[in-house]
Participant: 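Pasting in a structure now, in structure tokens, and then I'll have a few things to ask.
Both ligands and their constituent atoms are indexed starting at 1 by order of listing.
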Amino acid sequence: MGSYQPTTTVAIVGGGPAGLAAAIALSELPFLSVTIYERNPEPREVGAGISLSYNAWKVLDLLDAADGVWGSSKADTLQRNGYNGDVVLKQPWPENAKEDKRGAIRARRTRLQSGLLAKIPEGVIEFNKKLVTVEDLGENGALLQFEDGSEAVADLVVAAEGIRSVVRRTLYPDLRIHFTGNTAWRTLIPRSSLAHLPDISRGTSWWYGKGGHAYLSGVDDPSKLKPGEEELFELSVRSYHEPEIPGRTVSWGIPATNERVQSRFLEYDQRVQNAIAAVPEGNWREFANYAGPGPEKITGWDKVVLIGDASHPLHGAFGSGAAFGMEDGWTLARAIELTYNRDPSNFLRSALQIFEEIRLPYYQGMYRYLAEQREKLQTLEADNRSFDDILKARFQMFGIGQKGNLDWIYKHNIGQVWEDYLQGRKEVNA
Ligand SMILES: Cc1cc2nc3c(=O)[nH]c(=O)nc-3n(C[C@H](O)[C@H](O)[C@H](O)COP(=O)(O)OP(=O)(O)OC[C@H]3O[C@@H](n4cnc5c(N)ncnc54)[C@H](O)[C@@H]3O)c2cc1C
């Protein structure tokens with residue numbers, strides 16, 4: 001590797017938020033030829049809603065992909081005791097819109113996906129390409145083999161195929177993921193079908209129990225819907241202590257019966273139970289959460305880089321994984337652009353080093369933070385502290401109602417991070 005080529009080929013594996021963002025940013029570099037290999041037969045997004053905050057807006061702006069992305073404002077979010085509905089904490093507007101007037105929103109996942117897809121140049125995505133193996137060819141790049149028998153060779157492999165990354169397993173086989181016991185069920189239904197439950201259907205609310213929670217939120221801004229388009233509302237409920245289902249290899253988006261979901265929430269406030277009961281049979285989708293240890297490296301073979309969930313299997317902790325993946329994609333492009341301008345005959349290896357220098361400590365910090373918070377929570381539970389104390393500790397864990405302690409996640413500005421990196425280099429070289 002390293003010999004000058006007029007066009008460097010880039011294979012992005014996976015067309016989720018990370019892969020799409022990487023494709024947008026890398027396709028702007030004229031010396032790269034970019035292809036996304038996606039296993040699905042067409043663009044598909046199985047999740048219901050997605051939370052987007054300041055960090056997501058910043059990177060969407062840099063990708064010029066924010067225009068089509070909109071949803072429901074999370075103004076006046078209520079944190080409730082799930083058993084009696086008492087409001088434990090209220091997060092008022094405009095707290096979440098101080099730095100960016102678009103604020104924190106909950107959006108249909110398909111909107112984020114189409115916002116990104118709209119910026120992907122024609123012909124960049126190949127569907128029905130499920131990667132099965134990847135092999136290092138030394139100076140000649142990497143060989144990708146797909147389930148349909150086809151192959152591709154690329155100078156750079158960007159692994160963006162999510163938590164069950166084939167590329168990560170190949171590079172770092174000891175880094176295994178495991179079932180966390182935490183399982184989510186999610187669906188979108190017309191808001192009108194919850195009109196009889198105003199405490200549920202107005203605004204955003206969390207209803208916490210000891211072994212789970214319900215998260216209820218709009219995903220649409222009614223003023224932006226097309227005439228006749230139904231306003232949708234998301235129900236996303238979780239149980240923290242589910243048994244493992246042996247042999248499960250697909251863990252996201254599996255159909256679940258109403259009975260299965262309802263049975264986990266029998267002790268909850270009647271309003272939560274009624275909301276769950278309002279979901280038509282066949283609508284629920286199950287998401288079993290898997291996680292793995294924090295990464296020690298996110299590049300390999302001098303030609304492979306892991307981005308998004310492929311690099312940091314975090315089981316959706318922080319609820320910001322899409323933004324993390326998009327930040328990865330944009331940062332990778334900046335690092336490549338910088339090193340190419342310095343030496344077009346040998347730039348990939350140093351670009352990957354820069355990427356790792358910027359992104360790896362960020363992910364490692366997340367794992368450290370989660371481990372510390374988990375320990376605090378376990379101590380409280382072992383002390384038999386009251387449910388309200390445990391709830392407050394959980395709020396702290398995710399910065400809910402705390403000023404500033406998770407700004408490094410939700411107010412992360414990847415453009416500024418890059419500027420700071422360039423400034424630091426100038427100072428070192430001065
Ligand atoms: C219950 C739940 C709630 C969450 N809530 C939020 C939230 O509110 N906000 C937020 O930002 N994040 C949230 N997340 C996290 C977020 O969904 C992920 O972090 C994000 O989707 C990661 O993006 P990605 O592109 O890295 O991977 P993915 O979204 O997993 O995309 C991977 C892509 O690769 C494709 N693929 C997989 N294997 C192969 C293969 N072998 N060959 C080719 N293609 C392949 C897949 O089809 C898919 O298109 C949540 C996660 C969960 C589970």
Participant: Starting from atom 43 (C) of ligand 1, find the nearest protein heavy-atom neighbour and note its residue, name and distance.
Facilitator: Lys129 O, 3.2 Å
Participant: Which atoms of ligand 1 sit under 4.0 Å from any heavy atom of Ala18?
Facilitator: 24 (P), 25 (O), 26 (O)
Participant: Rounded to the nearest 0.5 Å, what separation is found between the CZ atom of Arg202 and the CG atom of Asp76?
Facilitator: 12.5 Å
Participant: So which protein heavy atom does atom 39 (C) of ligand 1 come closest to, and at what separation?
Facilitator: Glu161 CB, 3.5 Å
Participant: For ligand 1, which atoms, with element, lie under 4.0 Å from some heavy atom of Tyr37?
Facilitator: 43 (C), 44 (N)
Participant: Taking the minimum heavy-atom distance to atom 27 (O) of ligand 1, which of Gly162, Ala159, Ser320 ranks first?
Facilitator: Gly162
Participant: Indicate yes or no: at least one non-hydrogen side-chain atom of Asp64 is less than 4.5 angstrom from one of Lys119.
Facilitator: yes
Participant: Measure the distance from atom 49 (O) of ligand 1 to every protein heavy atom, then report the residue, atom name and distance (to 0.1 Å) of the closest one.
Facilitator: Glu38 OE1, 2.7 Å
Participant: Below 3.5 Å, N or O to N or O, backbone or side chain included: is there any such pair between Ala310 and ligand 1?
Facilitator: no
Participant: Looking only at distance, does Phe287 have an N or O less than 3.5 Å from an N or O of ligand 1?
Facilitator: no
Participant: Would Ile307 count as being in polar contact with ligand 1, using the rule that some N or O on each side must be under 3.5 angstrom apart?
Facilitator: no
Participant: Among protein heavy atoms, which lies nearest atom 32 (C) of ligand 1, and at what distance?
Facilitator: Ala160 O, 3.5 Å
Participant: Considering only the protein, which heavy-atom contact is closest to atom 17 (O) of ligand 1, and what is its distance?
Facilitator: Arg109 NH2, 2.9 Å
Participant: Under 3.5 Å, N or O to N or O, is Arg238 touching ligand 1 that way?
Facilitator: no
Participant: Does ligand 1 come near enough to Asn289 that some N or O of the ligand is less than 3.5 Å from an N or O of the residue?
Facilitator: no
Participant: So for atom NZ, which belongs to Lys210, do other residues, nucleotides or ligands contribute more than 12 heavy atoms lying within a distance under 6.0 Å?
Facilitator: no
Participant: With atoms numbered from 1 as shown, which atoms in ligand 1 lie under 4.0 angstrom from a non-hydrogen atom of Ser51?
Facilitator: 7 (C), 8 (O), 9 (N), 11 (O)
Participant: Quick one: does Ser217's side chain have a donor or acceptor within less than 3.5 Å of a partner on Thr204's backbone?
Facilitator: no
Participant: Please confirm whether the backbone N or O of Gly15 pairs with a side-chain atom of Glu38, one donor and one acceptor, at under 3.5 Å?
Facilitator: yes
Participant: List the closest protein heavy-atom neighbour of atom 23 (O) of ligand 1: residue, atom name, distance to the nearest 0.1 Å.
Facilitator: Pro17 CD, 3.5 Å
Participant: Under a heavy-atom criterion of less than 4.0 Å, does Glu147 contact ligand 1?
Facilitator: no
Participant: List every atom of ligand 1 that sits less than 4.0 Å from any heavy atom of Val13, numbering the atoms from 1 in the order shown and giving each element.
Facilitator: 42 (N), 43 (C)
Participant: Non-hydrogen atoms of Gly319 versus ligand 1: any pair closer than 4.0 Å?
Facilitator: yes
Participant: Say whether, by atom type as modelled, one donor and one acceptor occur between the side chain of Asp136 and the main chain of Gly138 under 3.5 angstrom.
Facilitator: yes
Participant: Give the atoms of ligand 1, by number and element, whose distance to some non-hydrogen atom of Gly321 is under 4.0 Å.
Facilitator: 10 (C), 11 (O), 12 (N), 19 (O)
Participant: Examine the side chains of Asn55 and Ser53 and answer whether a donor and an acceptor come within less than 3.5 Å of each other.
Facilitator: no
Participant: As an exercise, identify every atom of ligand 1 less than 4.0 angstrom from a heavy atom of Gly308.
Facilitator: 26 (O)
Participant: Looking only at N/O atoms, are Ile163 and ligand 1 under 3.5 Å apart anywhere?
Facilitator: no
Participant: Is it the side chain, the backbone, both or neither of Phe146 that has a heavy atom closer than 4.0 Å to ligand 1?
Facilitator: neither
Participant: Mind checking whether Tyr290 and Phe179 have parallel, tilted or perpendicular rings, split at 30° and 60°?
Facilitator: tilted
Participant: Have Tyr208 and Gln79 got a donor and an acceptor in their side chains that come within less than 3.5 Å?
Facilitator: yes
Participant: Of the protein's non-hydrogen atoms, which lies at the shortest distance from atom 18 (C) of ligand 1, and what is that distance?
Facilitator: Asp309 OD2, 3.3 Å
Participant: For atom 31 (O) of ligand 1, grab the closest protein heavy atom and report residue, atom and distance to one decimal in Å.
Facilitator: Gly16 CA, 3.5 Å
Participant: Would you say CD of Glu375 has more than 12 non-hydrogen atoms from neighbouring residues, nucleotides or ligands within 6.0 angstrom?
Facilitator: no
Participant: Does Glu286 pair with Arg260 as a salt bridge, N-O distance under 4.0 Å?
Facilitator: yes
Participant: Is it true that a side-chain atom of Thr9 and a backbone atom of Asp155 form a donor plus acceptor pair closer than 3.5 Å?
Facilitator: yes
Participant: Consider side-chain hydrogen bond (donor to acceptor under 3.5 Å, both in side chains). Of Arg191, Arg106, Arg108, Arg109, which one does Glu234 pass it with?
Facilitator: Arg106
Participant: Are Arg264 and Glu242 close enough for a salt bridge, meaning some N to O gap below 4.0 Å?
Facilitator: yes
